Amino acid sequence: MVAKLFDRDTLLDLTVNIIPLVILAFFIVAYVFMSPFDTNPLTTAVQFGLLAVPFALLAVLTYISGRAIVVSEQHVDQYLPGQASMENAEPVEKAPKNIEDNTDTTADVEFESTSSEQEVDASAETKSDSNAN
């Protein structure tokens, strides 16, 4: 799974998270080997907390983002760069028709119910307008 997850395209998409991870890792290593500030335990704990906690959270976010990118690429047709919005573009890879996913479909249901409610409201307004005439 890791080999599929971090392919070249996914790494390119995650570069915006990987660069800050490298910067935070540099400062964590730099502060471990040389201490430019006093060695008060509270100050040192706060200093490493302000570096390590964002590093850990960003690492988790990057992993979740990578998984989301891979899953989204498996559920849609793949086009050549710049051709996804063209009218007669042929996909390079087609998405499988019967994909078993564990995603929550309540957003689609809400969208459908909202649009049907709007249609009912619009038809009710049309009827009331025709009754008023």
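Quick note: numbers below take in every heavy atom, side chains included, and nothing from hydrogens, waters or symmetry partners. What you see is a predicted model; the values in this text were computed from it and never measured.
No chain of hydrophobic side-chain contacts below 4.5 Å, direct or via other Ile, Leu, Val, Met, Phe, Trp or Tyr residues, connects Ile64 to Val71. Cluster annotation: Leu51 and Val60 are assigned to distinct hydrophobic clusters (Ile/Leu/Val/Met/Phe/Trp/Tyr, side-chain heavy-atom contacts under 4.5 Å, transitive). Val16 and Leu58 end up in different hydrophobic clusters when Ile, Leu, Val, Met, Phe, Trp and Tyr side chains are linked at under 4.5 Å.
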Full working for side-chain contact (heavy atoms from CB on, under 4.5 Å) between Tyr31 and Thr44: CA-CA 9 Å; Tyr31 288 145; Thr44 304; over 6 Å; no

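Partners of Asp9 under the side chain to side chain donor-acceptor pair (under 3.5 Å) rule, at least two apart in sequence or in another chain, do not exist in this structure.
From Phe55, atom CZ reaches atom OG1 of Thr62 across 9.0 Å, with rounding to the nearest 0.5 Å. Note: Asn17 CG to Leu11 CG = 11.5 Å, rounded to the nearest 0.5 Å. Taken from OG1 in Thr15 to CG in Leu21, the straight-line distance is 11.0 Å, to the nearest 0.5 Å. Here the straight-line distance linking atom CD1 of Ile69 with atom OG1 of Thr10 works out to 6.0 Å at 0.5 Å rounding. The CG atom of Asp13 lies 10.0 Å from the CD1 atom of Ile18; values are rounded to the nearest 0.5 Å.
Using a 4.5 Å heavy-atom cutoff, the side chains of Leu61 and Leu57 are not in contact. By the 4.5 Å heavy-atom criterion applied to side chains, Val53 and Phe48 are not counted as neighbours.
Residues Gly49 and Pro54 come closest through the heavy atom pair O-CD, 3.6 Å.
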